There are 2 protein chains.
Amino acid sequence: MIQSILELRHLRTLAALRDSGSVSRAAELLNLTQSALSHQLRLLEEQYGAPLFERKSVPIQFSPAGLRLLQLADGLLPRVSEAERDIARLAQGMTGQLRIAVECHTCFDWLMPAIDEFRRRWPEVELDIVSGFHADPVELLRGRRADLAIVSERDAAEPVHYFPLFRFEIVALLAQGHPLEARPHLTPRDFIGQTLITYPVPDDMLDIMRKVLTPRGINPTRRTAELTIVILQLVASRRGLAALPRWAVQSYLDRDYVVPKPIGKSGLSGELFAACPPSLASQPFMEDFVVIVRESSFLNLRGIELL
Amino acid sequence: MIQSILELRHLRTLAALRDSGSVSRAAELLNLTQSALSHQLRLLEEQYGAPLFERKSVPIQFSPAGLRLLQLADGLLPRVSEAERDIARLAQGMTGQLRIAVECHTCFDWLMPAIDEFRRRWPEVELDIVSGFHADPVELLRGRRADLAIVSERDAAEPVHYFPLFRFEIVALLAQGHPLEARPHLTPRDFIGQTLITYPVPDDMLDIMRKVLTPRGINPTRRTAELTIVILQLVASRRGLAALPRWAVQSYLDRDYVVPKPIGKSGLSGELFAACPPSLASQPFMEDFVVIVRESSFLNLRGIELL
DNA sequence: CATTTCTCATTAAATTTTTTCATGATCCAA
DNA sequence: TTGGATCATGAAAAAATTTAATGAGAAATG
């Protein structure tokens, strides 16, 4: 007798498949390997004796059977998370606070949608953004003035729990027709004699300085601007170079407003982590926040890689 | 990071737990061991950090968290089966027919509720009951005049697929104050010189004759009646003994209308199977029919044991 | 047009999860 | 208190899921 092998796992896979458009990306979203999903999907298709989707198209196309399961997933999964949140509340009086400290200027791009979703899911949790930018957000955690900090480096010495978020490429940005435009990528030396346009923050909060230029003793002329759009405007007007996350400027690149160049032969990558005091790390709403951030970033930002 | 371990399996367990009232019975309903469920439930309770139900009460009492999950199960499981039936229809033009042949008089007691549920789930399947009682229902299968037969014995020689349904006790029924009433159980010899009241069918369709009396050359005087209630009326009026499934007469026993006695030291048990042509055995609606019969019987008939 | 890259499938192996088996504890009723 | 029923638990077995490694095919790139 054939038992129903369908589990929520499969529905989660189908939903991720649709949201991400391909098996490999869905695997990344689910923290599994592509192979695992491939097996999972094959088993499902065997069980139902019907294909669930068309692999040879981007994004993949679902078959009628696949669509029906997807419809099921959409009906079920939100109710599952809702129930689990209810139970978390039942088990432990779930009315905490979440004060978020942000060190990185551009982070608000992806943080805001995540925060909106979080508010929807955890209405009882008091949510705040610790205003201003902080040189050492982890200090705020230790002093219990924030509950979660978005940081770009782990410090193993700190008594803090780090949730990995994602990795992304930092690209150098040049004006159209800039002398360096022909290069396949920029080397650290290419920055000598250039003006570097950055946010007004200390050097060690800028990956380009901390990881690339400072170690080699290179210290270009600096100019700062608060807003990404202003930095780009300055680059386009040939006032200098900038180095920013690719996802932060993707829409400008699409319009050829400025020209991106990899930094170093294999590119420069930045990482982001959510840091929180160990005592809060296993709070359901804290874990859920991280999940939301990862999901919404993965779906909204092009070219990032989940950690 | 704690991933949600909740799967449909767990919800099915919770629902079975409520429907059956105890962990062991739920295990039987799900074709698992009591131990498996015990582990499963412990893991769930660990995950949520809250008990799901109160074990030391019959039937078990659900905790708020348990109730919340149960509510989820009730919302989800019907939609899952519905979706799976839709997919079965999509995959294979799912408009078959199901003609049921029944050899056993009392079977209609449990068959009717199951058939009602089946009609609800598979409206396209044409459902019929092959009228009258048939000495050899498997013959009807072979001649393609029926698609499914309820039988009480497997015949390995037949080219037929048997789905086991359940096992039950056949008890002898005596009038109040009958000379044999004091006995803890009846032996085959006790039937010598008695009148045996049965349905009007051949001996080898009566378990009491086929398994107990005929092998020992005992052949009591016979009297027949079509209806269970008539048989019981005759027993109560001291016209003889009967031997019937306990579940078929439970309500009369509850009212002390007649007195039940085990047949033989360890009781006489009967079994029921659903037989169908091998070609139909893996049709989704056929499998589902068997599932429905097993579930509804288990929940409605007291003292049966699923096979 | 060759080459590289990306994506998915497939096999075998590793790992994890689930289930069973065997047994013990507890409770209830006779 | 004994027997019967129910549930818990630890260890072993079985099953499932997942990963690793690799190959095949399509699409993109030069």
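Keep in mind that what you see is a predicted model, and the values were worked out from it rather than measured. We name chains A, B, ... by the order of the sequence lines, and we start the count at 1 in each one.
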| Spacing of A:Leu43 atom CG relative to C:dT11 atom P, expressed in whole Å | 13 Å
| What integer distance in Å separates B:Glu28:CD from D:dC7:P? | 12 Å
| Atom-pair distance (CG on A:Leu41; P on C:dC8), nearest Å | 10 Å
| request: Kindly give the heavy-atom pair with the smallest separation between B:Pro51 and B:Ser63, and that separation in Å. | output: O-OG, 2.6 Å
| How long is the line joining CD of A:Glu54 and P of C:dC8, in whole Å? | 12 Å
| said: For A:Tyr162 and A:Phe273, take the angle between the two ring planes, folded into 0 to 90°, and tell me which bin it lands in: parallel under 30, tilted 30 to 60, perpendicular over 60. | reply: perpendicular
Which donor-acceptor pairs under 3.5 Å do the side chains of residues 36-44 of chain B make with protein atoms, sequence neighbours left out?
residue: B:His39; atom: ND1; partner: B:Arg42; partner atom: NH2; Å: 3.1
residue: B:Gln40; atom: OE1; partner: B:Thr13; partner atom: OG1; Å: 2.4
residue: B:Arg42; atom: NH1; partner: B:Glu46; partner atom: OE2; Å: 3.0

| task | Return the orientation label for the A:Tyr252 and A:Tyr257 ring planes: parallel under 30°, perpendicular over 60°, tilted otherwise. | result | tilted
| task | To the nearest Å, give me how far apart CD (B:Gln47) and P (C:dT18) are. | result | 11 Å
| Counterpart residues, ring-ring contact (aromatic ring centres under 6.0 Å, His included), relative to B:Phe289 (two or more places apart) | B:Phe118
Expected list for residues 22-29 of chain B: side-chain donor-acceptor pairs under 3.5 angstrom, two or more places apart:
residue: B:Ser22; atom: OG; partner: B:Ser24; partner atom: N; Å: 3.4
residue: B:Ser22; atom: OG; partner: B:Arg25; partner atom: N; Å: 3.2
residue: B:Arg25; atom: NE; partner: B:Ser20; partner atom: O; Å: 3.2
residue: B:Glu28; atom: OE2; partner: B:Leu306; partner atom: N; Å: 3.0

| message | For nucleotides 18-30 of chain D, give me one character per nucleotide, 5' to 3': B if any protein heavy atom sits under 4.0 Å from the base, S if the only such contacts are to the sugar-phosphate, - if neither. | response | BBB----------
| request: Return the value, rounded to whole Å, for the distance between atom CD1 of B:Ile60 and atom C1' of D:dA5. | output: 15 Å
| said: So if I take residues 17-26 of chain B and measure heavy-atom distances to DNA chain D, which residues fall below 4.0 Å? | reply: B:Ser22, B:Val23, B:Ser24
| A:Arg154, CZ: over 12 other non-hydrogen atoms inside 6.0 angstrom | yes
| said: Between B:Phe166 and B:Trp110, does the ring-ring contact (aromatic ring centres under 6.0 Å, His included) criterion hold? Intermediate values first, please. | reply: CA-CA 12 Å; B:Phe166 54 85; B:Trp110 50 263; 5.6 Å; yes
| field | Under the side-chain hydrogen bond (donor to acceptor under 3.5 Å, both in side chains) test, residues paired with B:Thr187 that sit two or more places apart | value | B:Asp190
| query | Can you tell me how far P of C:dT16 sits from CD1 of B:Ile5, to the nearest Å? | reply | 16 Å
| task | Starting from C1' on C:dC8, measure out to CG on A:Leu44 and report it in whole angstrom. | result | 16 Å
